[in-house]
Amino acid sequence: MGNSPIRTPARVCEFYSDSAWIEGRAVEQLHDVADWAGMRAVAAFPDLHPGRFGPVGGAFLADRIYPQLIGPDIGCGMALFRLDLPRRKLKLDKAARRLQALETGADPATGAAAIAGTDAARFGPYGLGTLGGGNHFCEVQVVDALADPTVASRLGLQAGDLCLLVHSGSRGQGAAVFSGIAETWNDGFAPGSDAAETYVALHDAAQVWARTNRALIAEGAAEALRCDARLICDAPHNHLERRADGWLHRKGAAAPDRGLAPLAGSRDSLSYLMAVPDGPPEALGSVSHGAGRRYDRAAMHGRIPRVKSELEAMRQTRFGGRVICTDRDLLIEEAGSAYKDTGAVLRDLETFGLAEEVAAFAPLITFKTSREGRR
DNA sequence: ATGTTC
């Protein structure tokens, strides 16, 4: 008999139907992570897809801390705001032009004031109010339909209202924390160890910074559109949460905010606001944050011809909206066809009792980047 | 993901 502890793989609960688009490689990753030391429970959602260190679209409860399960964008999340701007006053071309102000971000004094006295102050204001790249965006949406008028009215939401959905995170801050500990995280950190304490403190600070970043992006967008933005909910989906029964890692799985979470669609599909009930304990208090990738970035370059007409078509959505993205590679990688069907993801979540649709939102202006000469 | 990657 050796002295190594008996290890049983964590229980894996998959909250998606047989018809869900789930890559085999993502399921392999899911079971691989379930076998890591100290892993207690794993939940996977219908947006599950392969990631760099493990699958995206899952929650992982462990009695060790694995920074690679959070990834570089610590604190990344989706925040939904209501804009007090009548739809008839939104002129798409003019508004899209004005949103270019988002490239600048918050001015340093505003940024510094926003993080003063918080954990995030250690990182400083550089980059606050900026979106970053990849799948991040700031989108003006219109409430398309109310599935639950009672909840919607409690939130002050009516059909035809304008909203803003912001997807961003901790920019260079979380990335620096993550790369700073590279090579040391392989077997995870034992809670209470120096490495764990240091990581958790930096993680918590990056999470505050990321949430502040989303608020400042919304402020910047509202200022550009000459209106105010009121927060409806802000649900992070890349983070670590200390629970009584262990350390909960969420990777592309949302922690609902006051029982609410956005489900991002964007480009060619509607987005949703979900009411998230307590749900089964096996779901680990988590829910999908978006449609999830159907094809990885490299695959998209083979699927979309790089001809002018195709690229121009991708700057309009099927809802008559605009996509502001001057980076051609990014435009291709983030095409609507790169993502699963958001409606199918939502139906699976509802079937398993993880969410109830409150409202659906159509994209009007999807702001990605307006910088010239990238890549 | 990234005050971008030798």
Side-chain angles (χ1 to χ4, degrees), chain A residues 26 29 47 49-58 60 66-79 102-112 115 120-138 166-183 185 199 202-214 216-217 220 235-240 249-254 264 266 289-293 295-298 300 325-334 338-339 367-375:
Chain A
Q29 287 186 330
D47 52 338
H49 58 280
R52 169 88 174 81
F53 299 100
V56 182
F60 310 87
Y66 289 99
Q68 62 271 53
L69 283 183
I70 310 303
D73 196 1
I74 299 165
C76 187
M78 296 275 177
L102 289 173
E103 295 291 6
T104 314
D107 81 75
T110 306
I115 52 174
R122 68 192 296 162
F123 293 131
Y126 182 87
L128 276 174
T130 62
L131 279 166
N135 53 5
H136 293 172
F137 61 82
C138 172
V166 176
H167 180 194
S168 189
S170 53
R171 307 288 281 103
Q173 319 305 336
V177 170
F178 190 63
S179 63
I181 55 168
E183 316 301 326
W185 64 51
Y199 175 73
L202 290 167
H203 162 281
D204 291 353
Q207 193 175 17
V208 173
W209 199 99
R211 191 183 291 269
T212 308
N213 189 33
R214 289 187 287 277
L216 290 176
I217 290 166
H237 55 245
N238 286 347
H239 71 154
L240 183 66
H249 306 66
R250 290 190 178 91
K251 179 60 176 172
S266 179
H289 76 289
R293 274 202 168 270
Y295 300 115
D296 66 30
R297 290 168 187 285
M300 287 308 292
C325 184
T326 49
D327 181 330
R328 286 178 181 77
D329 287 330
L330 189 57
L331 188 66
I332 287 168
E333 291 161 7
E334 293 294 311
Y339 287 89
F367 190 88
K368 299 281 291 174
T369 181
S370 59
R371 265 182 225 274
E372 300 299 335
R374 298 181 81 226
R375 282 208 255 184

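Chain letters run A, B, ... following the sequence lines, proteins first and then strands; every chain starts at 1. Note that this is a predicted model, so its numbers are computed, not measured.
For the pair Arg293(A) and Tyr339(A), the cation sits on the ring face: its NZ or CZ lies under 6.0 Å from the ring centre, inside 45° of the axis.
Look at CG on Leu202(A): it is 16 Å from C1' on dT2(B), rounded to the nearest Å. Computed from coordinates, the Leu128(A) CG to dG3(B) P distance equals 12 Å when rounded to whole Å. Note: CZ (Phe178(A)) to C1' (dT5(B)) measures 16 Å, nearest angstrom. Taking atom OH of Tyr126(A) as the reference point, atom C1' of dG3(B) lies 4 Å away to the nearest angstrom. Following rounding to the nearest Å, Arg371(A) (CZ) and dG3(B) (P) show an atom-to-atom distance of 11 Å. The distance between atom CD of Glu103(A) and atom C1' of dG3(B), rounded to the nearest whole Å, is 14 Å. For the pair Gln173(A) CD and dT2(B) C1', the interatomic distance rounds to 11 Å; values are reported in whole Å. Following rounding to the nearest Å, Phe123(A) (CZ) and dG3(B) (C1') show an atom-to-atom distance of 15 Å.
Ring pair Phe53(A)/Trp185(A) is perpendicular by interplanar angle, where above 60° counts as perpendicular and below 30° as parallel.
Across all strands, Arg52(A) comes closer than 4.0 Å to no nucleic acid atom at all (heavy-atom distances). Contacts of Gly172(A) with the nucleic acid, taken as non-hydrogen atoms under 4.0 Å apart, involve only primed sugar atoms and P, OP1 or OP2. Within 4.0 Å of Gly132(A), counting heavy atoms only, lie sugar-phosphate atoms of the nucleic acid but no base atom.
With hydrogens and angles left out, the side-chain atoms of Arg250(A) and His237(A) include no donor and acceptor closer than 3.5 Å.
When all heavy atoms of Gly111(A) and Pro125(A) are compared, the pair lying nearest together is C-CB, 3.8 Å.
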